[in-house]
Amino acid sequence: APVGLDRLARGRLVGREHELADVLAHWRRAMAGDGHVLLISGEPGIGKTRLARELVAQARVNKAAVLLGECFSEGSGPYGPIVQIVREALQSPLPDLPPFVLAELLALAPELRTRYPDISPNPPLEPAAEQQRLLESVAVLGSVLAAHAPLLLVLDDIHWADSGTLYLARHLARRARSQRQLLVLTYREIELDQAGGLPDVLLDMQREQLATRLKLT
């Protein structure tokens with residue numbers, strides 16, 4: 001699990017009861033099959049990660065699947081937080097995953113190949129087709145997990161995300177509809193002018209009515 005979500009002390013969340021109630025209402029909607037995106041924004045240190053951690057704790061009480069990916073200011077390679085999520089998801093075998101999907105996910109996390117010796121790598125494609133195959137494979141992973149239990153997917157500090165991760169987040173947002181999924185994205189408002197493609201992705205999500213924004217003040 002990302003360090004930031006684990007390192008925080010387990011005290012009571014003071015002064016955020018209203019926001020926590022709001023976040024938990026979004027989670028209940030998702031558990032009922034109304035999959036969507038929750039954007040949690042605010043200044044550094046204001047409590048975005050802390051609020052997300054409270055949601056993670058509740059989701060675990062609900063026996064949900066919880067996957068966490070964290071972005072870093074120094075970067076972490078293409079699809080960094082998605083790689084973290086895939087590693088976590090594939091710790092245990094998922095029999096419902098089609099072989100081509102599993103092969104694509106193992107290309108993101110090759111150290112897990114020894115656990116799946118029967119899966120051969122996918123044949124190479126043109127770059128655009130390869131990206132589409134990857135997007136679809138991560139979306140299928142989410143759908144398979146959400147079919148077994150509600151799925152909470154948290155991408156923390158996405159103002160530092162690479163363009164591939166942002167593109168994938170938008171794809172996941174579109175695919176989460178009518179599934180038991182909540183995709184939570186946290187970001188700093190003040191970083192938006194240096195955040196590459198993030199403003200466009202946020203605009204797309206809100207224009208397509210995929211996301212609700214909770215701004216912490």
Side-chain angles (χ1 to χ4, degrees), residues 1-6 30-31 33 35 37 52 55-57 59-72 74-158 160-185:
V3 174
L5 290 170
D6 269 358
M31 284 198 296
V37 182
L55 177 55
V56 164
R60 287 184 171 141
V61 168
N62 299 139
K63 302 285 191 287
V66 178
L67 296 176
L68 311 169
E70 192 171 27
C71 306
F72 301 99
E74 63 273 19
S76 54
Y79 302 108
I82 306 300
V83 172
Q84 294 169 38
I85 281 166
V86 167
R87 282 182 184 139
E88 184 71 26
L90 297 185
Q91 289 299 322
S92 310
L94 287 170
D96 300 349
L97 279 182
F100 90 89
V101 168
L102 193 46
E104 199 64 29
L105 299 175
L106 289 172
L108 278 180
E111 72 279 6
L112 296 178
R113 278 198 187 283
T114 52
R115 293 176 185 228
Y116 301 90
D118 301 335
I119 300 295
S120 305
N122 284 329
L125 300 171
E126 292 291 312
E130 282 208 338
Q131 186 183 44
Q132 196 55 41
R133 185 170 66 187
L134 174 65
L135 295 180
E136 196 48 35
S137 296
V138 177
V140 168
L141 172 65
S143 298
V144 165
L145 288 168
H148 288 279
L151 173 63
L152 174 62
L153 200 53
V154 180
L155 296 179
D156 203 23
D157 289 332
I158 57 157
W160 289 323
D162 63 288
S163 58
T165 295
L166 292 174
Y167 198 67
L168 218 161
R170 182 167 52 191
H171 189 72
L172 289 175
R174 288 170 178 154
R175 287 293 299 271
R177 276 180 166 160
S178 73
Q179 297 187 21
R180 293 185 299 168
Q181 287 191 47
L182 182 62
L183 175 58
V184 177
L185 309 177

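Of all heavy-atom pairs between Ala30 and Leu182, the closest is CB-CB, 3.7 Å. Of all non-hydrogen atoms in Ser137 and Val101, the two that sit nearest each other are O-CG1, 3.5 Å. Annotation for Pro81 and Leu155: closest pair CB-CD2, 4.0 Å, computed over non-hydrogen atoms. The minimum heavy-atom distance between Ile158 and Cys71, with the atom names listed, is CA-SG, 4.0 Å. Asp157 and Glu70 get closest at one heavy-atom pair: OD2-OE2, 4.5 Å. Phe100 and Asn122 make their closest contact through O-ND2, 2.8 Å (heavy atoms, listed as atom of the first residue, atom of the second, distance).
Considering CD1 of Ile82 and CG of Leu168, their distance stands at 5.0 Å, rounded to 0.5 Å. Tyr116 contributes atom OH, which lies 7.5 Å from atom CG of Leu97 (distance to the nearest 0.5 angstrom). Taken from CG in Leu108 to CG in Leu134, the straight-line distance is 5.0 Å, to the nearest 0.5 Å. The distance from the CZ atom of Arg180 to the NE2 atom of His148 is 9.5 Å, given to the nearest 0.5 Å. Rounded to the nearest 0.5 Å, atoms CG (Leu68) and CG (Leu152) are 7.5 Å apart. Taken to the nearest 0.5 Å, the OH atom of Tyr79 stands 7.5 Å off from the CG atom of Asp162.
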Would you be so kind as to tabulate the donor-acceptor pairs closer than 3.5 Å made by side chains of residues 138-147, with sequence neighbours excluded?
{"unit_1": "Ser143", "atom_1": "OG", "unit_2": "Ala139", "atom_2": "O", "d": "3.1"}
{"unit_1": "Ser143", "atom_1": "OG", "unit_2": "Gln179", "atom_2": "OE1", "d": "3.2"}
{"unit_1": "Ser143", "atom_1": "OG", "unit_2": "Gln179", "atom_2": "NE2", "d": "3.1"}

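Every residue two or more places apart in sequence or in another chain was checked for a salt bridge (Lys or Arg N to Asp or Glu O under 4.0 Å) with Arg113, and none qualifies. Among residues two or more places apart in sequence or in another chain, the salt bridge (Lys or Arg N to Asp or Glu O under 4.0 Å) test is passed with Glu111 by Arg87.
Put simply, the side chain of Leu102 does not reach to within 4.5 Å of the side chain of Leu94, judged on heavy atoms. For the pair Gln132/Glu126, no side-chain contact is recorded, criterion being any heavy-atom separation below 4.5 Å from C-beta on. Contact annotation: the side chain of Glu130 never approaches that of Glu104 to less than 4.5 Å [non-hydrogen atoms, C-beta and beyond]. In this structure the side chain of Met31 reaches within 4.5 angstrom of the side chain of Asn62, judged on heavy atoms.
Remark: Gln91 CD is packed, more than 12 non-hydrogen atoms of other residues, nucleotides or ligands lying under 6.0 Å away.
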